[in-house]
Amino acid sequence: MREAQKLVIASPSKGRLQENAAAFFARAGLELTQGRGARDYRGAVAGVEGAEVAYLSASEITRRLALGEAHLGVTGEDLVREEIADAESKVELLAPLGFGFANVVVAVPQAWIDVRHMSDLADVADGFRARHGRGLRVATKYVNTTRRFFTRYGVSDYRIVESSGATEGAPAAGSADLIVDITTTGATLAANALKVIEDGVILRSQANLVASLAAPWSETAREAARIILSRIAAEEEARTTREVRAHLPEAAGDLLREAETTFGASLRESNGKSAAFACPAHHVAALADWLIAHGAKSVASARFDYVFRAENALWSKLAARLG
Ligand SMILES: Nc1ncnc2c1ncn2[C@@H]1O[C@H](COP(=O)(O)OP(=O)(O)OP(=O)(O)O)[C@@H](O)[C@H]1O
Ligand SMILES: O=P(O)(O)OC[C@H]1O[C@H](OP(=O)(O)OP(=O)(O)O)[C@H](O)[C@@H]1O
Ligand SMILES: [Mg+2]
């Protein structure tokens with residue numbers, strides 16, 4: 001009974017997301033340990049009471065989140081949209097994680113030279129049965145995603161051929177006419193003489209940190225989630241922010257305020273001779289140039305390890321949904 005009250009974090013145990021997910025938790029200073037039992041695939045979070053880790057495939061993680069059998073998980077948005085009916089009400093996508101990028105696309109044989117847009121595909125579908133005596137066949141494991149997208153574009157006369165592997169081979173093998181599948185580099189599509197329909201990118205997916213709204217959010221689970229999310233948020237802010245220190249002849253207030261608004265930086269301290277900003281990492285060079293142009297003698301930037309805030313944005317987002 002007490003076990004069931006713990007926070008369950010589901011982390012990919014195999015496939016494309018495994019290594020990056022482990023690295024993501026490690027960066028946040030969360031050491032996930034794996035239990036000994038190879039059958040068990042359960043672990044813990046070092047130093048965080050009340051949390052346990054379930055190592056599962058990305059697809060199984062998505063299913064458990066929907067069922068409320070895991071509280072937090074790392075999985076692809078493509079799987080969330082496909083596997084969870086009414087995803088908005090069952091889970092909360094807390095944060096995109098910057099890895100596991102892949103597009104879910106509609107792809108047809110390159111030989112279909114007249115088919116470039118979804119409207120062309122709708123025309124083909126309409127005339128296909130008259131010409132071939134049967135409707136179009138679409139090979140995919142993204143059944144729900146395909147149905148929603150095809151309906152939106154008025155493609156109606158088709159049949160789905162469920163495919164769980166080597167989907168790209170289906171048209172050449174003669175078991176389907178076109179496919180809906182996930183692609184990153186496009187190499188597999190090209191190797192199978194397929195092309196992506198121009199407006200046929202259904203979803204630009206990446207790995208997300210996802211919370212279940214259906215899970216039993218006991219006090220223990222909430223407290224563990226709050227701690228874990230504050231570390232994740234602190235690491236994320238540290239990774240995307242730099243401290244910028246400038247030695248200025250006179251740290252005029254107007255100048256500092258202009259620096260803040262122009263570069264999205266926030267002034268942390270200033271004392272007439274020097275000023276320190278927290279600045280988005282991608283604006284550091286521009287801010288430094290600008291400060292030097294406005295009289296700074298030197299500008300140095302440094303990384304933070306963690307930036308903890310009283311207001312934890314990730315936890316606030318989740319708490320608001322949990323009520
Ligand atoms: N090139 C890619 N191909 C497929 N998935 C990718 C790719 N890049 C990132 N992903 C993401 O990784 C998720 C898991 O895919 P992966 O193929 O690793 O699963 P798996 O654990 O091997 O399970 P399965 O056996 O069902 O494929 C995808 O749903 C997607 O979100
Ligand atoms: O656009 P690309 O970079 O070529 O990647 C796309 C391929 O990668 C995935 O398969 P995966 O290697 O995961 O094998 P699987 O089908 O066994 O899951 C996906 O199903 C595509 O087949
Ligand atoms: Mg795969």
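Remember, predicted model here, so these are calculated numbers, not experimental data. Order of listing sets the numbers, starting from 1, for every ligand and every atom in it. Values reported hereafter were calculated over all heavy atoms of this structure, with side chains retained and with hydrogens, waters and symmetry mates removed.
- Taken to the nearest 0.5 Å, the CG atom of L67 stands 8.5 Å off from the OG atom of S212.
- Within 6.0 Å of the CD atom in Q110, the count of heavy atoms belonging to other residues, nucleotides or ligands exceeds 12.
- Below 4.0 Å from some heavy atom of A102 lie the following atoms of ligand 1, by number and element: 7 (C), 8 (N), 9 (C).
- Between H132 and F128, the two ring planes are parallel [angle under 30°; tilted spans 30° to 60°].
- The nearest non-hydrogen atom to atom 14 (C) of ligand 1, considering only A58, S57, A187, comes from A58.
- Inclusion of T185 in the set of residues having an N or O under 3.5 Å from an N or O of ligand 2 is warranted.
- Close approach to G76 involves these atoms of ligand 1, each under 4.0 Å from a residue heavy atom: 31 (O).
- In this model, no donor atom of one side chain and acceptor atom of the other lie less than 3.5 Å apart for Y142 and D181.
- Atoms of ligand 1 lying under 4.0 Å from any heavy atom of L79, numbered from 1 in the order shown and given with element: 29 (O).
- The number of heavy atoms from other shown groups lying within 6.0 Å of CD (E198) is above 12.
- In this structure, G100 counts as a contact residue of ligand 1, since one of its heavy atoms falls inside 4.0 Å of the ligand.
- In summary, the atoms of ligand 1 found under 4.0 Å from a heavy atom of T184, numbered by their order in the structure, are 1 (N), 2 (C), 7 (C), 8 (N).
- Interface of I182 with ligand 2, defined as ligand atoms under 4.0 Å from a residue heavy atom, comprises 6 (C), 19 (C), 20 (O), 21 (C).
- Looking at S266 and E260, their side chains never bring a donor and an acceptor atom within 3.5 Å of each other.
- Among E77, E83, R16, K14, the residue whose heavy atom sits closest to atom 6 (C) of ligand 1 is R16.
- With atom 5 (O) of ligand 2 as the reference point, the heavy atom nearest to it among T184, V105, N192, D181 is part of T184.
- Heavy atoms of G165 come nearer than 4.0 angstrom to ligand 2 in no pair at all.
- Of the options D181, L17, T185, I182, the smallest heavy-atom separation from atom 4 (C) of ligand 1 is shown by I182.
- Within a 6.0 Å sphere centred on CZ of R204, other residues, nucleotides and ligands contribute 12 heavy atoms or fewer.
- Interface of E168 with ligand 2, defined as ligand atoms under 4.0 Å from a residue heavy atom, comprises 21 (C), 22 (O).
- Environment of CZ in R27: crowded, with over 12 heavy atoms of neighbouring residues, nucleotides or ligands closer than 6.0 Å.
- Linking Ile, Leu, Val, Met, Phe, Trp and Tyr whenever their side-chain heavy atoms come within less than 4.5 Å puts L178 and V143 in one cluster.
- With distances taken over non-hydrogen atoms, the option nearest atom 28 (C) of ligand 1 out of T62, D78, N20 is D78.
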